[in-house]
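Index from 1, following the sequence. Everything numeric in this text was worked out from a predicted model, so none of it was measured.
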Amino acid sequence: MTDRAAGRGVYRQLLASAAWRRFTLTAGFQRLSVAMAPLALVLAGHGSVGSFRVGALMASAYTFADGIASPWSGRLMDRVELRRGVSVQLGAAAVVLAALAGLTAARAPALVLIVLSGLAGAAPAGVMGGLQAYLQRIVPDDLRERAFALDATLLELEWMFAPALVAITGFLGAPVLAIVLMALAASGALGGARLLRPQQPSGHIAGAGGAWRSPRALPVYFLSAVMGYVEGTINIALAPLMPAVGARPATAGLLIALLSLASAAGGFAYAAFSGHLPGDTDQRANVTLLALGLCAILIAVAPSLIFLTLAVAACGIWFAPLNAMRTLILGKLLPASQLSEGFSTLSAAMQMGYGASGIATGAVLGIWGAHGCFIIAAAITVASPLGAWLHHHSKGSQDARPSEPPESHQ
């Protein structure tokens, strides 16, 4: 059987699974709500209060509250029946978003909108991790890697579609409708969650330290933060880079859409051929992260818009496969009683990396310009897998070194 035929066979098996279809429906609605949030809250804040600054603070409150609450919320999800936990958090998210939409339309004070945006981010913080734990449980071992790859691909498509949906509400002159759509998407996810099979918590509760600080999982979280940093840099620093290649800053929006499209293509390819790639998943993840860093260098040195477009597409190819690999690696490292917490922490790490890139970009732009932002992101991304390889090689050498016999005393 060819690699392509094997890939099609995996897709057919997943599509034939009712459990996978229900998971995809639930996760799709939930992630659509989350993917709409950054742009939707910026536009809604401006439309309500007349200030993009307030909108930016609303979006930041949503993102940071989600990231901070994710490990705790995911750990709570591991302690209850999974479908119930997902449903409760999605229901809370739908209610908070509906309230936020109403208060935004009523032009409530900025502080109220910012606080409520934070609650909207925190309410469903454990859902994405819980759903990934659910996918881990319903998919057989031989399909798991490709199932995660396909899920990462669908994630990229949702992140490409969501800003366009928000933009339509802006063109209609009613940006608050974007928050209404977020609430409806959360409600759709809640309906999908009620179709999931019940999943009782693991009878064994792992160590009290928690998955968020597991020594074995920390390198995976770090990988996720590095991914978030470089992706955030591309999304934030691309517009300031446009004049250097003779293009308008607004052109960055098209290139960011291309980034998601290329990532989806990379995810489909990885899902089709992952079963026949050499090396273990850790090795592949390090090589893929290194490739992403090298492509980020191409963005930094791009002399023209055409070259920059190709460099952005080259970066995009690696994101969905990396998402799939980091999820698969973490799923193997953690016990069943910590999966929701671990996957939630993984998502939080990426968000924190994304947030750090925004802070760094704001500081670096005034010193070295947009080129400097991409050079720093590329250096971090290239150094991370090289450092991991050196650490692993050094540790392997120490483990292989024979112990010396004790000295004899005369």
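- The CD1 atom of I299 sits 6.5 Å away from atom CG of L238, with the distance rounded to the nearest 0.5 Å.
- R83 contributes a side-chain N or O that, together with a main-chain N or O of L196, makes up a donor-acceptor pair within less than 3.5 Å.
- Using a 4.5 Å heavy-atom cutoff, the side chains of Q200 and L82 are not in contact.
- Residues T104 and S48 have side chains in contact (heavy-atom distance under 4.5 Å, counting atoms from C-beta outward).
- The shortest side-chain heavy-atom distance between V86 and Q30 does not fall under the 4.5 Å cut-off.
- With a 6.0 Å radius and a threshold of 12 heavy atoms from other residues, nucleotides or ligands, I367 has its CD1 atom above the threshold.
- The distance from atom CE of M242 to atom CG of L305, rounded to the nearest 0.5 Å, is 6.5 Å.
- Enclosure of atom CZ in R21 by more than 12 non-hydrogen atoms of other residues, nucleotides or ligands within 6.0 angstrom is indicated.
- Counting only heavy atoms from C-beta outward, the side chains of C315 and L259 approach each other to under 4.5 Å.
- Atom CD1 of residue I256 and atom CD of residue E231 lie 9.5 Å apart, to the nearest 0.5 angstrom.
- Checking each of I234, L241, T309 against L255 for a side chain to side chain contact (heavy atoms under 4.5 Å, CB included) leaves exactly one that passes, namely T309.
- Although no hydrogens or angles enter the test, the distance criterion places a donor-acceptor pair under 3.5 Å between the side chain of T24 and the main chain of W20.
- Counting all heavy atoms, side chain and backbone alike, V245 lies closest to A302 at CG1-O, 3.7 Å.
- A heavy-atom distance below 4.5 Å is not found between the side chains of L157 and S260.
- What you find for L116 and A99 is that their closest heavy atoms are CD2-C, 3.8 Å.
- Of the possible polar contacts, one joining the T153 side chain to the A149 backbone as a donor-acceptor pair under 3.5 Å is found.
- Formation of a donor-acceptor pair under 3.5 Å by the Y134 side chain with backbone atoms of R197 is found in this model.
- To the nearest 0.5 angstrom, R75 atom CZ is 12.5 Å from S340 atom OG.
- The shortest distance between side-chain heavy atoms of M325 and Y270 falls below 4.5 Å.
- One N or O on the side chain of T169 and one on the backbone of V166 form a donor-acceptor pair closer than 3.5 Å.
- At least one donor-acceptor pair under 3.5 Å links the side chain of E81 to the backbone N or O of Q199.
- Nearest heavy-atom pair across A152 and N323 is CB-CB, 3.8 Å.
- When all heavy atoms of A285 and L322 are compared, the closest pair comes out as O-CD2, 3.6 Å.
- Ionic pairing of R326 and D282 is not present here: no N-O contact between side-chain nitrogen and carboxylate oxygen is shorter than 4.0 angstrom.
- Within the 4.5 Å cutoff, no side-chain heavy atoms of V115 are placed close to those of M58.
- Summarising the geometry of S384 relative to F222, their closest heavy-atom pair is OG-CE2, 3.5 Å, with the distance given to 0.1 Å.
- A donor-acceptor contact closer than 3.5 angstrom is absent between the side chains of Q338 and D78.
- Separating the CZ atom in F23 from the CG atom in L135 is a distance of 4.5 Å, to the nearest 0.5 Å.
- A donor-acceptor pair under 3.5 Å links the side-chain atoms of T26 to the main chain of A193, judged by distance alone.
- In this structure, T361 contributes its side chain and A237 its backbone to no donor-acceptor pair below 3.5 Å.
- In terms of modelled atom types and a separation under 3.5 Å, the side chain of S263 and the main chain of E156 share no donor-acceptor contact.
- Distance check, rounded to the nearest 0.5 Å: OG of S117 to CG of D66 gives 12.5 Å.
- Across N235 and Y354, no two heavy atoms sit closer than the pair CB-OH, 3.2 Å.
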Start with the C-alpha gap between K332 and E145, add the side-chain angles, then the distance that decides, and say whether salt bridge (charged side-chain N to carboxylate O under 4.0 Å, His left out) holds. CA-CA 11 Å; K332 292 178 178 178; E145 183 168 15; over 6 Å; no

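- Using a 4.5 Å heavy-atom cutoff, the side chains of I376 and Y229 are in contact.
- The closest side-chain donor-acceptor pair between R194 and S87 falls under 3.5 angstrom.
- At least one donor-acceptor pair closer than 3.5 Å links the side chain of R144 to the backbone N or O of V139.
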